[in-house]
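Chain letters run A, B, ... following the sequence lines, proteins first, then strands; residues in each count from 1. None of these values were measured; they are calculated from a predicted model.
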Amino acid sequence: MSDLFDKLNEAQRKAVLHFGSPLLILAGAGSGKTRVITTKIAYLIEKHGIYPESILAVTFTNKAAGEMKERVHSMIPESGDVMIKTFHSFGSWLLRNNAHLTGMNRNFLIYDDDDMLKILSDVTEGALKKEELKKFAHWISRAKDSCIKPDGNTLEISVHSKFKDIYAKYQESLRLSGNVDFGDLIMLPVDMLKNYPEIRIRTRQRFRVILVDEYQDSNRAQFELLKQLYDGSNYICVVGDEDQSIYRFRGAEIDNILNFPGYFKGSDTIRLEQNYRSTETILRVASSVVVNNQSRLGKKLWTSSGEGSPVELAYLTDQDREAEFCAGVVADRDYGGTAVLYRMNFQSRTFEEYFMNHNIPYRIVGTKRFYEREEVKDAVAYLSLLVNPGDKVAFTRAVNKPPRGIGKKTLGRILISTGADVSERQDLLKKTEKGLKNLSGKGLRGAKDFLGMINYLKKRMDALSTAEILQDVITRTGLYDYYREKDTGLNIAKAENLKELVNAASGYGTGTGELLRFLENVSLDPDKENPYRESGAVTLITLHNTKGLEFERVIITGLEQDIFPHYSSTQSEEELEEERRLFYVGITRAKRKLYLTSCRTRRRYGKTEYQMPSQFIGEIPPELIKIRNESIPEEESDYPVGTSVYHYDYGTGIILRNWYNNGKLHVLVKFQTGMVGKFIARYSGLERVDSYD
DNA sequence: CAAGATGTAATTTTT
DNA sequence: TTACATCTTG
């Protein structure tokens, strides 16, 4: 224990030792946050005599939870009972654990975003296009992120005239199925703790210590959950970095961290500002960018690791040259230490093609997830149906996969028949049995086939392990053969993926409990697929996905207005600040060297478009950047973003944006007086003020 | 009912 | 451009 302590700096030590009043740890990028949390857990157990099972640590990702577990356990082996979970799996645990008191179905399954769309499509009877459904799904998720029910203030989420109604129908259908969605995993526990005093009291007594990681990403519902868990006598400590809050679009509420001291009275704040990752230059660039944000508590990162080499900025003709530039950077063959970052997934394409053609090893991080693949979802649907015959989403998915002649019409005939009692109406297998009399020919044969299969699986499931049931599912239902035949050309992976799924289930035992555990992990811990696992490969990754990662060298690409910052984020200051934080996250991933690239033109949707440099470039002090290769068109070069200008009437100002309209260069200028003005450059009378000759 | 043909719309995404 | 959704035909 004491030598663990010696490795900490003063602020870290203070954070570990702190106990009693609520604590906010503002942990800058690369400031040894995880070390602090894990040491703190060890310290609480060893020095404060807190029982491991009284400690709750919540994270946002399974990866973070896994790492934390590993590090805590290696520090103190007897810490096995510390509850280290993601917010969602903790919510799931609370709901299952108290199901006997609330009357809720203990064996609920968890629907993902795709399943949500299926339900919505079902309750709106196919009247809406997929794009429209996605909008509603998004709103419903956001509503749940704020604990807003269909009968609540839904206007806050969407003013769409049908939203309230569709949301209500969606909830009804969800309740009928007995399953929950991601949002429910937070919202329902909040309700439960509010409505059942005995559960609330018992839960509060159990968890004497509550630790929250990545607090800046918490949403309102998660904040509500924490409020229910905290009773003033237990200890709450949250760790986060407001400058790294990048999930607003998904309901993250930066005010949670900004106002923590206000919400939790008498709280203390400790800042971890020493950075152990990056060079001084990189940190200066990062902070010069993020100081432009209003919504922050503020901290100043410093390092003792030395100045390092300058940040290099390359203006390139187009995306092909950008890829070429990245290839040039890794010409020294340090592939594994290099990451190429971009704002949007489609940007990876050019890099992929170029790297492929030039034999540069690369890996793409996190686009498609294994458990979201069609064939995998098909197999899982059979399992879901075995556990919950009321799962309509799983039923409609499985019933005709592989095709057995049960299309829209036949399915309609099955589902229209109403059973005598409620349980029969909700049990889709019983319903199918009843519906057989309405069928004939191919449909009848298919339905009988399907039922026979399910019954066969049902009979065997108690005796078999999860992997064995899955093996049965993919062979007996014909799924495996179906996909093996379909697997041709480039798509030869589907049958293979089914095998892989069986493999993934191999760690699970016999019985329904194990099957449920597997299904929960499929929903809550969906492994991201990495096609290239070798470490000696360049990492291609979106900026969002880099959080928590670090690389020797980072290339942030596509620093162009409307790409980064993204066009839909330039409308409001709040959105723009979020983009800026994203830039900050990207910059601070670099340990040793940072490159920035910006293209003059970019092919989009088959057309070549002229790009303006990102306004963020102008926020970096020029002395920190070395410009590698400039190719700025003449007129623009007079007014790049960030240039100081002088106007006869308004005084000095700085160029915030520039863009073309009707072939004329427009500029947006912010003056020292605070005024912001829009001008057509050539008529504006603006004079350039060159402050750095 | 399911494979080919045509049209159309393009963020980021832990769980 | 291209992925994917919807329409049309076998």
Think [X] has a side-chain N or O under 4.0 angstrom from the OP1 or OP2 of [N]?
{"X": "A:Asn62", "N": "B:dT15", "result": "yes"}
{"X": "A:Asn400", "N": "B:dC1", "result": "no"}
{"X": "A:Asn345", "N": "B:dT11", "result": "no"}

Hey, can you pull the donor-acceptor pairs under 3.5 Å for the side chains in residues 132-141 of chain A, sequence neighbours left out?
unit_1   : atom_1 : unit_2   : atom_2 : d
A:His138 : NE2    : A:Arg142 : NH1    : 3.1
A:His138 : NE2    : A:Phe249 : O      : 3.4
A:Ser141 : OG     : A:Ala137 : O      : 3.1

What residues, two or more places apart in sequence or in another chain, satisfy salt bridge (charged side-chain N to carboxylate O under 4.0 Å, His left out) together with [X]?
{"X": "A:Lys227", "answer": "A:Glu224"}
{"X": "A:Asp122", "answer": "A:Lys392"}
{"X": "A:Arg604", "answer": "none"}

Which is true for A:Ser568 with a 4.0 Å heavy-atom rule: it touches a base, it touches only sugar-phosphate, or it touches nothing?
base
Test side-chain hydrogen bond (donor to acceptor under 3.5 Å, both in side chains) applied to A:Asn388 - qualifying residues, sequence neighbours left out:
A:Asn179
Pair of N/O donor and acceptor under 3.5 Å linking B:dT12 base with A:Thr542 side chain
no
Between A:Arg604 and A:Arg142, which has a closest nucleotide on DNA chain B that is more 5'?
A:Arg604
Comparing nearest nucleotides in DNA chain B, the 5'-proximal residue of the pair A:Pro403, A:Glu579 is A:Pro403
Length of the line joining [X]:[atom1] and [N]:[atom2], which is rounded to integer Å:
{"X": "A:Leu117", "N": "B:dT13", "atom1": "CG", "atom2": "P", "result": "17 Å"}
{"X": "A:Gln347", "N": "C:dT2", "atom1": "CD", "atom2": "C1'", "result": "16 Å"}
{"X": "A:Glu520", "N": "B:dT15", "atom1": "CD", "atom2": "C1'", "result": "11 Å"}
{"X": "A:Glu352", "N": "C:dT1", "atom1": "CD", "atom2": "P", "result": "18 Å"}
{"X": "A:Ile246", "N": "B:dT15", "atom1": "CD1", "atom2": "P", "result": "14 Å"}
{"X": "A:Arg349", "N": "B:dT11", "atom1": "CZ", "atom2": "P", "result": "14 Å"}
{"X": "A:Trp139", "N": "B:dT13", "atom1": "CH2", "atom2": "P", "result": "21 Å"}
{"X": "A:Asp217", "N": "B:dT12", "atom1": "CG", "atom2": "P", "result": "18 Å"}

Pick the C1' atom in B:dT12 and in C:dA5, then give their distance to the nearest Å.
23 Å
No-hydrogen, no-angle side-chain donor-acceptor test under 3.5 Å, [X] and [Y]:
{"X": "A:Thr86", "Y": "A:Ser89", "value": "yes"}
{"X": "A:Gln615", "Y": "A:Gln561", "value": "yes"}
{"X": "A:Asn219", "Y": "A:Glu253", "value": "no"}

Is there a stack between A:Tyr247 and B:dT13, judged by ring centres under 5.5 Å and planes under 30°?
no
Kindly point out which of B:dT11, B:dT15, B:dT12 is positioned nearest to the side chain of A:His566?
B:dT11
Please list, for nucleotides 8-10 of chain C, all pairs of protein and nucleotide N/O atoms separated by less than 3.5 Å.
none

